[in-house]
Amino acid sequence: QFELPDGSKVHLNSESVLRYPATFTKAARQVELEGEAYFEVEKDPEYPFVVKAPHQTQIEVLGTTFNVEAFVTEQQIQATLLTGKIRFAYAQGTATQAVELEPGHKLIYDVATAKPHVLPTNGQAEVAWVDGKIIFDATPLPEALRMLEKRFHVRLILRNARLKDEAFTGTFTTQRLERILDVFELSSGIHWRYIDNPDKSEEKTTIEIY
């Protein structure tokens with residue numbers, strides 16, 4: 001957690017980078033995010049707060065609390081709004097489109113199709129990482145595995161396509177990854193194992209789900 005030059009507060013998740021100037025200019029308060037961060041933005045109606053994200057997207061803010069997940073390597077950008085209002089802008093061909101988000105909603109932007117989708121949410125699962133928690137709320141297995149990959153810096157490979165329809169609900173705090181996977185195994189019958197990675201330069205441990 002740290003504070004920006006204007007007093008806004010940011011929680012930065014693992015494997016994430018936030019770039020910002022030592023002092024904001026009068027023209028704009030602009031930062032660049034690659035990864036995931038939770039923002040508590042100081043209100044300043046004259047100078048909107050802008051988060052530039054990968055794939056020619058950005059989020060414009062006046063004063064609000066919200067979570068952004070924008071990893072360069074992933075095919076989705078997600079923005080979850082808790083309070084205030086944000087405007088998600090994205091490129092569609094040569095034009096720029098925008099969607100305004102109200103509190104209690106989550107925007108998922110598909111990079112491949114350049115289309116946003118807005119869903120209702122209470123925001124608990126999306127911002128649980130700020131308090132060191134992992135919350136699954138009828139979360140599909142592929143999404144749950146992606147959340148675990150970020151938390152534990154591992155690579156999880158789903159081999160059984162049938163398991164994609166499995167969903168999980170539960171809260172984890174200090175449990176080790178092995179314990180969480182054991183709970184998945186008990187509740188749904190999945191299996192998991194560590195596998196050797198032929199690429200010796202790969203820093204992440206690989207686990208197979210089958």
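Counting from 1, the numbers follow the sequence of the chain as shown.
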Subject >> D131 side-chain N/O to K133 backbone N/O, donor-acceptor pair under 3.5 Å >> reply: no

Subject >> Shortest non-hydrogen contact between A91 and Y109, atoms and distance >> reply: O-OH, 3.8 Å

Original post:
Rounded to the nearest 0.5 Å, how far apart are CD of Q175 and CG of D182?
Top reply: 11.5 Å

**OP:** Taking the side chain as every heavy atom from C-beta outward, state whether F172 and L177 have any pair of such atoms under 4.5 Å apart.
**Re:** no

Original post:
Do any pairs count as a side chain to side chain donor-acceptor pair (under 3.5 Å) and have a residue in residues 39-52, sequence neighbours left out, and if so which ones?
Top reply: none

Original post:
Measuring from L163:CG to H191:NE2, what's the distance to the nearest 0.5 Å?
Top reply: 9.0 Å

Original post:
Would you say V111 and V72 are hydrophobically clustered, going by side-chain heavy atoms of ILVMFWY under 4.5 Å?
Top reply: no

Subject >> Heavy-atom side-chain contact between F168 and S188 under 4.5 Å >> reply: yes

Subject >> Exercise: identify the closest heavy-atom pair between D110 and T113 >> reply: OD1-N, 3.1 Å

Subject >> Expected output: side-chain Q92 to main-chain A114 donor-acceptor under 3.5 Å >> reply: yes

Original post:
Hey, what do you get for OG1 (T206) to CD (E208), rounding to the nearest 0.5 Å?
Top reply: 10.0 Å

Original post:
Is there any ring pair (Phe, Tyr, Trp, His ring centres under 6.0 Å) pair reaching into residues 2-21, and which pairs are they, with sequence neighbours excluded?
Top reply: F2-Y20, H11-Y38

Original post:
Can you hop from V127 to F66 via hydrophobic side chains spaced under 4.5 Å?
Top reply: no

Original post:
Taking all non-hydrogen atoms of both residues, which atom of Q75 and which atom of A112 are closest, and how far apart?
Top reply: OE1-N, 4.1 Å

Subject >> Which atom of A37 lies closest to which atom of V10, heavy atoms considered >> reply: CB-CG1, 4.0 Å

Original post:
Do V41 and R29 have side-chain heavy atoms sitting under 4.5 Å apart?
Top reply: yes

Subject >> W192 vs E185 side-chain heavy atoms within contact, under 4.5 Å >> reply: yes

**OP:** Show your working on side chain to side chain contact (heavy atoms under 4.5 Å, CB included) between R193 and Y210 and close with a plain yes or no.
**Re:** CA-CA 9 Å; R193 65 186 175 190; Y210 60 99; 3.8 Å; yes

Original post:
Looking at side-chain heavy atoms only, is the closest gap between I209 and L181 below 4.5 Å?
Top reply: yes

Original post:
With a 3.5 Å cut-off and no angle check, do the side chains of Q78 and K106 form a donor-acceptor pair?
Top reply: yes

Original post:
Knowing that exactly one of E36, E15, E143 qualifies, which makes a salt bridge (charged side-chain N to carboxylate O under 4.0 Å, His left out) with K150?
Top reply: E36

Subject >> 4.5 Å side-chain heavy-atom contact, F136 and L148 >> reply: yes

Subject >> N/O donor-acceptor pair under 3.5 Å between T57 side chain and Y90 backbone >> reply: no

Subject >> Over all atoms of both residues, closest heavy-atom pair of L101 and A79 >> reply: CD2-O, 3.6 Å

**OP:** Determine, stepwise, if the pair L82 / F39 fulfils side chain to side chain contact (heavy atoms under 4.5 Å, CB included).
**Re:** CA-CA 10 Å; L82 281 75; F39 293 87; over 6 Å; no

Original post:
Which distance, rounded to the nearest 0.5 Å, do you find between the CG of L156 and the CZ of R146?
Top reply: 12.0 Å

Original post:
Is L18 linked to F49 within one hydrophobic cluster, defined over Ile, Leu, Val, Met, Phe, Trp and Tyr using a side-chain heavy-atom separation of less than 4.5 Å?
Top reply: yes

Original post:
Rounded to the nearest 0.5 Å, how far apart are CZ of R179 and OG1 of T174?
Top reply: 11.0 Å

Subject >> Atom CD of Q56: over 12 foreign heavy atoms under 6.0 Å >> reply: no

Original post:
Within the side chain of R151, is there an N or O that forms a donor-acceptor pair under 3.5 Å with the backbone of G132?
Top reply: yes

**OP:** For residues L81 and T65, report the shortest heavy-atom separation together with the two atoms involved.
**Re:** CD1-O, 3.7 Å

**OP:** Look up atom CG in L119 and atom NE2 in H117, then write down how far apart they are to the nearest 0.5 Å.
**Re:** 8.5 Å

Original post:
Is it the case that one hydrophobic cluster holds both V68 and V17, taking links as side-chain heavy atoms less than 4.5 Å apart, direct or via other members?
Top reply: no

Subject >> Steps toward side chain to side chain contact (heavy atoms under 4.5 Å, CB included) verdict (T121, E126) >> reply: CA-CA 9 Å; T121 179; E126 289 82 1; 3.2 Å; yes

Subject >> Side chain E149, main chain M147, donor-acceptor under 3.5 Å >> reply: no

Subject >> ILVMFWY network linking V61 to V99, side-chain heavy atoms under 4.5 angstrom >> reply: yes

**OP:** Please examine the side chains of R87 and P48, heavy atoms only from C-beta on, and report whether any two atoms are closer than 4.5 Å.
**Re:** no

